[in-house]
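Here the structure is a predicted model, which is why all the values come from computation and not from measurement.
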Amino acid sequence: MTDEKLDQILKQALAPEISDREIRIHRRRKDKMITFGKIGKGVAAAVAAVVIGIGGLGYFNPVLAARIPLIGKIFEKVEDDATYSGDYTDKKTVLTNEDSAGNLDTSDYTVSDKGITLTASEAYCDGYSIFLTVNIESEDADFTHIPEHYTGMNAADNQTAAGFYIGGTWSVDGSSPEWIENTFDGKVIDSHTFAGMLKINLEEKYTGSGELNLNVNGLGYDDDRMLDGEEISASHWADGSWNIVIPFEVNGTDVKIIEVGEKKGNITLEDVVVSPYQVIVHATTPGEQRELTDDRREKLLSKDPDMTDAEMFELLGWSYEPCYTICFNQDGELLYADREMAGRAGFAVQGKEIKTLYVYVFDNLDDWSLMEQEGMNSSVAEKAVISTEIHVE
(Lines give C-alpha, C1' and ligand atoms only; values in the text may rest on other atoms or scores of the structure.)
Protein backbone atom coordinates (compact mmCIF):
# COMPACT_ATOMS: atom_id res chain seq x y z
CA MET A 1 0.00 0.00 0.00
CA THR A 2 1.38 3.38 -0.99
CA ASP A 3 1.62 6.35 1.35
CA GLU A 4 -0.88 8.17 -0.89
CA LYS A 5 -3.41 5.36 -0.46
CA LEU A 6 -2.79 5.33 3.27
CA ASP A 7 -3.43 9.08 3.44
CA GLN A 8 -6.74 8.58 1.61
CA ILE A 9 -7.80 5.94 4.11
CA LEU A 10 -6.86 8.21 6.98
CA LYS A 11 -8.85 11.13 5.62
CA GLN A 12 -11.92 8.95 5.21
CA ALA A 13 -11.73 6.97 8.44
CA LEU A 14 -10.04 9.01 11.13
CA ALA A 15 -10.60 12.13 13.18
CA PRO A 16 -9.52 15.61 12.03
CA GLU A 17 -5.97 16.86 12.39
CA ILE A 18 -4.60 17.44 15.87
CA SER A 19 -1.56 19.48 16.72
CA ASP A 20 1.97 18.06 16.78
CA ARG A 21 2.26 19.11 20.41
CA GLU A 22 -0.83 17.10 21.38
CA ILE A 23 0.56 14.10 19.51
CA ARG A 24 3.84 14.31 21.42
CA ILE A 25 2.03 14.59 24.75
CA HIS A 26 -0.20 11.60 24.07
CA ARG A 27 2.60 9.46 22.65
CA ARG A 28 4.97 10.07 25.55
CA ARG A 29 2.25 9.56 28.12
CA LYS A 30 1.04 6.39 26.35
CA ASP A 31 4.55 4.97 25.93
CA LYS A 32 5.29 5.67 29.58
CA MET A 33 2.16 3.82 30.72
CA ILE A 34 2.93 0.88 28.41
CA THR A 35 6.37 0.60 29.96
CA PHE A 36 5.11 0.85 33.53
CA GLY A 37 2.35 -1.64 32.78
CA LYS A 38 4.95 -4.39 32.44
CA ILE A 39 7.08 -4.05 35.58
CA GLY A 40 5.65 -6.53 38.03
CA LYS A 41 3.00 -6.51 40.73
CA GLY A 42 5.47 -5.39 43.40
CA VAL A 43 6.08 -2.23 41.45
CA ALA A 44 2.57 -1.68 40.13
CA ALA A 45 1.20 -0.52 43.45
CA ALA A 46 4.18 1.69 44.08
CA VAL A 47 3.91 3.47 40.75
CA ALA A 48 0.24 4.32 40.78
CA ALA A 49 1.29 7.89 40.16
CA VAL A 50 3.91 6.65 37.64
CA VAL A 51 6.73 8.62 39.20
CA ILE A 52 8.50 9.10 42.53
CA GLY A 53 9.15 12.45 44.11
CA ILE A 54 12.59 13.88 44.50
CA GLY A 55 13.04 12.90 48.16
CA GLY A 56 15.33 9.97 47.37
CA LEU A 57 17.25 11.43 44.47
CA GLY A 58 20.34 12.43 46.41
CA TYR A 59 21.50 15.30 44.21
CA PHE A 60 25.10 16.42 44.12
CA ASN A 61 26.33 19.82 45.08
CA PRO A 62 26.67 21.72 41.77
CA VAL A 63 30.22 22.76 42.61
CA LEU A 64 31.28 19.18 43.32
CA ALA A 65 29.41 17.88 40.29
CA ALA A 66 31.46 20.06 37.99
CA ARG A 67 34.56 18.17 39.11
CA ILE A 68 33.16 14.73 38.36
CA PRO A 69 34.67 13.36 35.11
CA LEU A 70 31.35 12.27 33.61
CA ILE A 71 32.33 12.11 29.95
CA GLY A 72 33.57 8.63 29.18
CA LYS A 73 32.24 7.28 32.48
CA ILE A 74 28.48 7.68 32.25
CA PHE A 75 27.85 3.94 32.07
CA GLU A 76 29.66 3.69 35.39
CA LYS A 77 27.39 6.41 36.76
CA VAL A 78 24.02 5.02 35.65
CA GLU A 79 24.56 1.29 35.07
CA ASP A 80 23.28 0.18 38.48
CA ASP A 81 19.90 1.86 38.19
CA ALA A 82 19.10 1.99 34.47
CA THR A 83 16.54 -0.48 33.13
CA TYR A 84 19.27 -2.32 31.22
CA SER A 85 21.60 -2.38 34.18
CA GLY A 86 24.89 -4.26 34.42
CA ASP A 87 28.64 -3.77 34.34
CA TYR A 88 29.61 -2.14 31.03
CA THR A 89 33.27 -1.69 31.94
CA ASP A 90 34.74 -4.24 29.52
CA LYS A 91 32.05 -3.89 26.86
CA LYS A 92 31.74 -0.19 26.13
CA THR A 93 33.59 1.98 23.62
CA VAL A 94 34.50 5.46 24.82
CA LEU A 95 33.78 7.96 22.06
CA THR A 96 35.81 10.92 23.24
CA ASN A 97 39.53 11.49 22.70
CA GLU A 98 41.99 12.36 25.44
CA ASP A 99 45.24 14.24 24.90
CA SER A 100 48.53 13.70 26.73
CA ALA A 101 47.50 16.18 29.39
CA GLY A 102 44.30 14.27 30.09
CA ASN A 103 42.01 16.81 28.47
CA LEU A 104 38.94 15.38 26.77
CA ASP A 105 38.09 16.36 23.20
CA THR A 106 34.33 16.02 22.73
CA SER A 107 33.98 18.22 19.65
CA ASP A 108 33.00 15.36 17.31
CA TYR A 109 30.21 14.21 19.59
CA THR A 110 28.80 17.45 20.99
CA VAL A 111 25.90 19.44 19.52
CA SER A 112 24.08 22.48 20.90
CA ASP A 113 20.77 24.15 20.13
CA LYS A 114 18.13 26.11 22.07
CA GLY A 115 20.56 26.48 24.96
CA ILE A 116 20.85 22.70 25.40
CA THR A 117 24.09 20.81 24.78
CA LEU A 118 24.04 17.07 24.11
CA THR A 119 27.31 15.12 24.25
CA ALA A 120 27.51 11.44 23.27
CA SER A 121 29.88 9.68 25.63
CA GLU A 122 30.04 5.88 25.21
CA ALA A 123 28.49 3.17 23.06
CA TYR A 124 27.94 -0.58 23.23
CA CYS A 125 26.29 -2.81 20.61
CA ASP A 126 25.51 -6.51 20.99
CA GLY A 127 24.36 -6.77 17.37
CA TYR A 128 20.70 -6.30 18.23
CA SER A 129 20.62 -3.01 20.13
CA ILE A 130 22.84 0.02 20.56
CA PHE A 131 23.29 1.29 24.10
CA LEU A 132 24.40 4.91 24.11
CA THR A 133 25.27 7.23 26.98
CA VAL A 134 24.91 11.00 26.78
CA ASN A 135 25.46 14.08 28.86
CA ILE A 136 22.78 16.81 28.63
CA GLU A 137 23.51 20.32 29.87
CA SER A 138 21.38 23.44 29.99
CA GLU A 139 22.27 26.58 31.91
CA ASP A 140 18.66 27.76 31.96
CA ALA A 141 17.18 24.51 33.29
CA ASP A 142 16.52 23.12 36.74
CA PHE A 143 16.82 19.36 36.40
CA THR A 144 16.55 18.78 40.16
CA HIS A 145 12.77 18.48 39.83
CA ILE A 146 12.86 15.55 37.40
CA PRO A 147 11.04 12.69 39.19
CA GLU A 148 12.43 9.17 39.23
CA HIS A 149 10.69 6.00 38.06
CA TYR A 150 11.15 2.38 39.04
CA THR A 151 13.40 0.34 36.77
CA GLY A 152 13.58 -2.85 38.88
CA MET A 153 11.12 -5.68 39.22
CA ASN A 154 10.09 -4.81 42.77
CA ALA A 155 9.98 -1.63 44.81
CA ALA A 156 12.19 -3.37 47.38
CA ASP A 157 14.97 -3.46 44.78
CA ASN A 158 15.29 0.30 45.26
CA GLN A 159 16.27 0.57 41.60
CA THR A 160 15.13 3.90 40.19
CA ALA A 161 16.27 6.32 37.51
CA ALA A 162 15.35 9.76 36.28
CA GLY A 163 13.93 10.00 32.78
CA PHE A 164 14.56 12.40 29.91
CA TYR A 165 12.35 12.40 26.82
CA ILE A 166 13.84 12.40 23.35
CA GLY A 167 12.13 12.91 20.00
CA GLY A 168 13.47 12.41 16.49
CA THR A 169 14.79 9.65 14.27
CA TRP A 170 17.80 7.38 13.96
CA SER A 171 19.36 5.40 11.14
CA VAL A 172 22.39 3.18 10.66
CA ASP A 173 24.68 3.49 7.65
CA GLY A 174 22.13 5.29 5.49
CA SER A 175 19.16 3.03 6.26
CA SER A 176 15.63 4.44 6.30
CA PRO A 177 15.09 6.63 9.38
CA GLU A 178 13.27 5.04 12.32
CA TRP A 179 11.51 6.91 15.11
CA ILE A 180 13.27 7.06 18.47
CA GLU A 181 10.96 5.16 20.81
CA ASN A 182 12.83 5.05 24.12
CA THR A 183 13.81 7.69 26.66
CA PHE A 184 17.03 8.31 28.53
CA ASP A 185 17.37 6.43 31.82
CA GLY A 186 19.81 8.24 34.06
CA LYS A 187 20.67 10.53 36.91
CA VAL A 188 20.40 14.21 37.64
CA ILE A 189 23.92 15.39 38.44
CA ASP A 190 23.02 18.96 39.29
CA SER A 191 20.44 21.54 38.29
CA HIS A 192 22.01 21.94 34.84
CA THR A 193 23.36 18.44 34.11
CA PHE A 194 21.73 15.10 33.31
CA ALA A 195 23.59 11.88 32.46
CA GLY A 196 21.69 9.02 30.88
CA MET A 197 21.55 5.89 28.75
CA LEU A 198 19.49 5.37 25.57
CA LYS A 199 18.74 1.96 24.05
CA ILE A 200 18.01 1.71 20.32
CA ASN A 201 16.76 -1.58 18.90
CA LEU A 202 18.14 -2.50 15.49
CA GLU A 203 15.69 -3.85 12.92
CA GLU A 204 17.97 -6.74 11.98
CA LYS A 205 21.02 -8.42 13.44
CA TYR A 206 24.11 -6.29 12.76
CA THR A 207 27.72 -7.37 12.44
CA GLY A 208 30.98 -5.48 12.21
CA SER A 209 31.13 -1.73 12.68
CA GLY A 210 28.84 1.07 11.60
CA GLU A 211 27.63 4.60 12.21
CA LEU A 212 24.53 5.59 14.10
CA ASN A 213 22.93 8.79 12.83
CA LEU A 214 20.96 10.33 15.67
CA ASN A 215 18.69 13.16 14.51
CA VAL A 216 17.07 14.62 17.61
CA ASN A 217 14.34 17.21 17.14
CA GLY A 218 13.09 17.49 20.70
CA LEU A 219 14.22 17.07 24.30
CA GLY A 220 12.13 17.32 27.44
CA TYR A 221 11.48 16.18 30.97
CA ASP A 222 8.79 15.98 33.64
CA ASP A 223 8.61 18.23 36.71
CA ASP A 224 7.63 16.90 40.13
CA ARG A 225 6.07 20.29 40.92
CA MET A 226 3.53 19.64 38.17
CA LEU A 227 2.53 16.07 39.00
CA ASP A 228 -1.11 17.09 39.25
CA GLY A 229 -1.00 19.02 36.01
CA GLU A 230 -2.78 17.79 32.92
CA GLU A 231 0.24 18.47 30.72
CA ILE A 232 3.01 16.93 32.86
CA SER A 233 4.54 15.05 29.92
CA ALA A 234 5.13 18.32 28.13
CA SER A 235 5.95 20.52 31.11
CA HIS A 236 9.52 21.07 29.88
CA TRP A 237 10.00 20.43 26.18
CA ALA A 238 12.26 22.12 23.64
CA ASP A 239 12.06 21.69 19.88
CA GLY A 240 15.40 22.00 18.12
CA SER A 241 18.05 20.19 16.15
CA TRP A 242 20.70 18.00 17.75
CA ASN A 243 22.19 15.82 15.03
CA ILE A 244 25.16 13.63 15.74
CA VAL A 245 26.98 10.71 14.08
CA ILE A 246 28.19 8.01 16.44
CA PRO A 247 30.53 5.19 15.41
CA PHE A 248 29.95 1.78 16.98
CA GLU A 249 31.32 -1.73 16.72
CA VAL A 250 29.46 -4.92 17.51
CA ASN A 251 30.84 -6.69 20.55
CA GLY A 252 29.73 -10.31 20.34
CA THR A 253 31.38 -11.35 23.59
CA ASP A 254 28.94 -13.36 25.73
CA VAL A 255 26.15 -13.05 23.14
CA LYS A 256 24.40 -16.38 22.51
CA ILE A 257 21.77 -17.29 19.93
CA ILE A 258 19.65 -20.36 20.66
CA GLU A 259 17.67 -21.59 17.67
CA VAL A 260 14.24 -22.94 18.60
CA GLY A 261 11.98 -23.14 15.53
CA GLU A 262 8.93 -24.27 17.49
CA LYS A 263 5.52 -23.63 15.92
CA LYS A 264 2.14 -24.10 17.55
CA GLY A 265 -1.05 -22.70 16.16
CA ASN A 266 -0.21 -19.50 14.35
CA ILE A 267 2.79 -18.64 16.53
CA THR A 268 6.38 -19.53 15.70
CA LEU A 269 9.11 -19.20 18.33
CA GLU A 270 12.11 -18.71 16.08
CA ASP A 271 15.05 -18.11 18.41
CA VAL A 272 16.21 -16.59 21.67
CA VAL A 273 19.15 -14.21 22.03
CA VAL A 274 20.95 -13.83 25.35
CA SER A 275 23.42 -10.94 25.68
CA PRO A 276 25.03 -9.47 28.82
CA TYR A 277 22.19 -6.98 29.33
CA GLN A 278 19.13 -8.30 27.52
CA VAL A 279 17.21 -11.36 26.40
CA ILE A 280 15.37 -11.16 23.07
CA VAL A 281 12.68 -13.63 22.05
CA HIS A 282 11.83 -13.67 18.36
CA ALA A 283 8.27 -14.97 17.99
CA THR A 284 6.08 -14.23 14.99
CA THR A 285 2.51 -14.72 13.81
CA PRO A 286 1.15 -14.46 10.25
CA GLY A 287 -0.48 -11.12 11.02
CA GLU A 288 2.62 -9.60 12.56
CA GLN A 289 4.69 -10.37 9.50
CA ARG A 290 2.85 -7.70 7.53
CA GLU A 291 4.91 -4.56 7.07
CA LEU A 292 3.60 -2.12 9.66
CA THR A 293 6.64 0.15 9.47
CA ASP A 294 7.42 2.88 11.99
CA ASP A 295 6.66 5.49 9.34
CA ARG A 296 3.26 3.97 8.62
CA ARG A 297 2.53 3.61 12.33
CA GLU A 298 3.46 7.26 12.84
CA LYS A 299 1.03 8.36 10.14
CA LEU A 300 -1.76 6.48 11.85
CA LEU A 301 -0.86 7.78 15.31
CA SER A 302 -0.76 11.34 13.99
CA LYS A 303 -4.51 11.01 13.45
CA ASP A 304 -5.32 8.98 16.55
CA PRO A 305 -2.55 8.78 19.18
CA ASP A 306 -4.42 6.07 21.11
CA MET A 307 -4.77 3.66 18.20
CA THR A 308 -3.48 0.17 18.93
CA ASP A 309 -1.59 -2.04 16.47
CA ALA A 310 -4.67 -4.25 16.20
CA GLU A 311 -6.81 -1.25 15.24
CA MET A 312 -4.20 -0.20 12.68
CA PHE A 313 -4.23 -3.65 11.09
CA GLU A 314 -8.03 -3.63 11.02
CA LEU A 315 -8.08 -0.18 9.40
CA LEU A 316 -5.64 -1.34 6.74
CA GLY A 317 -7.60 -4.54 6.12
CA TRP A 318 -4.85 -6.79 7.48
CA SER A 319 -5.14 -9.71 9.88
CA TYR A 320 -3.52 -9.21 13.28
CA GLU A 321 -2.66 -12.00 15.69
CA PRO A 322 -0.51 -10.55 18.47
CA CYS A 323 1.50 -12.61 20.92
CA TYR A 324 2.57 -11.76 24.45
CA THR A 325 5.80 -13.20 25.82
CA ILE A 326 7.05 -13.74 29.35
CA CYS A 327 10.38 -15.17 30.59
CA PHE A 328 11.74 -16.67 33.79
CA ASN A 329 15.24 -17.92 34.59
CA GLN A 330 16.24 -21.20 36.23
CA ASP A 331 15.49 -19.73 39.67
CA GLY A 332 11.96 -18.77 38.71
CA GLU A 333 12.87 -15.09 38.58
CA LEU A 334 10.72 -13.03 36.25
CA LEU A 335 12.72 -11.03 33.71
CA TYR A 336 11.82 -7.34 33.36
CA ALA A 337 9.75 -7.01 30.20
CA ASP A 338 10.39 -4.07 27.92
CA ARG A 339 7.95 -2.87 25.29
CA GLU A 340 7.04 -5.80 23.02
CA MET A 341 6.98 -5.19 19.29
CA ALA A 342 5.83 -7.37 16.41
CA GLY A 343 8.22 -10.32 16.17
CA ARG A 344 10.41 -9.24 19.07
CA ALA A 345 10.03 -9.30 22.85
CA GLY A 346 12.84 -7.78 24.92
CA PHE A 347 13.76 -8.40 28.54
CA ALA A 348 16.37 -6.78 30.78
CA VAL A 349 18.83 -9.19 32.44
CA GLN A 350 19.54 -6.80 35.34
CA GLY A 351 22.37 -8.90 36.69
CA LYS A 352 20.37 -12.13 36.94
CA GLU A 353 22.12 -15.41 36.20
CA ILE A 354 20.80 -16.92 32.98
CA LYS A 355 21.50 -20.64 32.74
CA THR A 356 18.05 -21.76 31.67
CA LEU A 357 15.11 -19.79 30.33
CA TYR A 358 11.45 -20.69 30.57
CA VAL A 359 9.59 -18.91 27.79
CA TYR A 360 5.80 -18.64 27.59
CA VAL A 361 4.07 -17.10 24.59
CA PHE A 362 0.37 -16.21 24.94
CA ASP A 363 -2.19 -14.99 22.46
CA ASN A 364 -4.23 -13.38 25.26
CA LEU A 365 -3.03 -10.31 27.17
CA ASP A 366 -5.11 -11.13 30.27
CA ASP A 367 -3.42 -14.52 30.58
CA TRP A 368 -0.02 -12.86 30.19
CA SER A 369 -0.87 -10.34 32.90
CA LEU A 370 -2.06 -13.00 35.33
CA MET A 371 1.12 -15.03 34.93
CA GLU A 372 3.17 -11.87 35.36
CA GLN A 373 1.42 -11.39 38.70
CA GLU A 374 1.40 -14.98 39.92
CA GLY A 375 4.79 -16.17 38.70
CA MET A 376 6.04 -19.24 36.87
CA ASN A 377 3.80 -21.66 38.79
CA SER A 378 0.63 -19.86 37.80
CA SER A 379 -2.21 -22.12 36.67
CA VAL A 380 -2.58 -19.93 33.59
CA ALA A 381 0.75 -21.29 32.28
CA GLU A 382 -1.15 -24.12 30.61
CA LYS A 383 -2.96 -21.56 28.45
CA ALA A 384 0.28 -20.48 26.78
CA VAL A 385 0.31 -21.30 23.09
CA ILE A 386 4.03 -22.07 23.40
CA SER A 387 5.86 -22.93 26.61
CA THR A 388 9.42 -24.15 26.38
CA GLU A 389 12.56 -24.67 28.40
CA ILE A 390 15.74 -23.32 26.83
CA HIS A 391 19.19 -24.27 28.10
CA VAL A 392 21.60 -21.36 27.71
CA GLU A 393 24.64 -22.92 29.33
Phe143 ring center near Tyr221 ring center (under 6.0 Å): yes
For Thr356, all residues meeting side-chain contact (heavy atoms from CB on, under 4.5 Å), sequence neighbours excluded: Gln330, Tyr358, Glu389, His391
Distance flag, aromatic centroids of Tyr277 and Tyr124, threshold under 6.0 Å: yes
Verdict with supporting geometry, Met197 and Phe184, side-chain contact (heavy atoms from CB on, under 4.5 Å): CA-CA 5 Å; Met197 179 196 304; Phe184 292 115; over 6 Å; no
Mutual orientation of the aromatic rings belonging to Tyr88 and Phe75 [parallel < 30°, tilted 30-60°, perpendicular > 60°]: parallel
Residues Thr160 and Glu148: side-chain donor-acceptor under 3.5 angstrom: yes
Shared hydrophobic cluster, Leu365 / Ile326 (ILVMFWY, side-chain heavy atoms < 4.5 Å): yes
Counterpart residues, side chain to side chain donor-acceptor pair (under 3.5 Å), relative to Asn135 (two or more places apart): none
Derivation and outcome, side-chain hydrogen bond (donor to acceptor under 3.5 Å, both in side chains), residues Ser171 and Ser175: CA-CA 5 Å; Ser171 62; Ser175 63; 4.8 Å; no
Between CG on residue Asn213 and CG on residue Asp173, distance to nearest 0.5 Å: 8.0 Å
Salt bridge present between Glu122 and Lys92 (N-O < 4.0 angstrom): yes
More than 12 heavy atoms of other groups within 6.0 Å of Lys352 NZ: yes
same_hphob_cluster(Ile258, Ile354) at 4.5 Å side-chain heavy-atom cutoff: yes
Pairing residues for Ser241 by the side chain to side chain donor-acceptor pair (under 3.5 Å) criterion, not counting sequence neighbours: Asn243
Asn329: side chain to side chain donor-acceptor pair (under 3.5 Å) partners, not counting sequence neighbours: Glu333
Closest contact, heavy atoms only, Gly375 versus Phe328: C-CZ, 3.7 Å
Donor-acceptor contact below 3.5 Å, side chain Trp179 vs main chain Gly167: no
side-chain hydrogen bond (donor to acceptor under 3.5 Å, both in side chains) between Asp142 and His236, intermediate numbers included: CA-CA 10 Å; Asp142 183 1; His236 295 284; over 6 Å; no
Side-chain donor or acceptor of Thr193 paired with backbone N/O of Ile189 under 3.5 Å: no
Salt bridge Glu79-Lys77, side-chain N to carboxylate O under 4.0 Å: no
Side-chain donor/acceptor of Glu262 to backbone N/O of Thr388, under 3.5 Å: no
Trp368/Asp366 under side-chain hydrogen bond (donor to acceptor under 3.5 Å, both in side chains): CA gap, chis, key distance, verdict: CA-CA 5 Å; Trp368 180 97; Asp366 291 337; over 6 Å; no
Test item: Gln350 side-chain N/O and Thr151 main-chain N/O as donor-acceptor pair under 3.5 Å: yes
Connected via hydrophobic side-chain network under 4.5 Å: Val250 and Val94: no
Under 3.5 Å: donor-acceptor pair, side chain of Ser378, backbone of Val380: yes
Lys91 and Asp254 ion-paired at < 4.0 Å: yes
Donor-acceptor contact below 3.5 Å, side chain Asp157 vs main chain Gln159: no
His149 and Asp185 side chains, donor-acceptor separation under 3.5 Å: yes
Residues that Asp81 engages under salt bridge (charged side-chain N to carboxylate O under 4.0 Å, His left out), provided they are two or more places apart: Lys187
Lys199: side chain to side chain donor-acceptor pair (under 3.5 Å) partners, not counting sequence neighbours: Asn201, Gln278
His192 side chain vs Ser138 backbone, donor-acceptor pair below 3.5 Å: yes
Inter-residue atom distance Asp363.CG - Lys264.NZ, 0.5 Å rounding: 13.0 Å
is_close_aromatic(Phe362, Tyr324), centroid dist under 6.0 Å: no
Asp367 side chain to Leu370 backbone, donor-acceptor under 3.5 Å: no
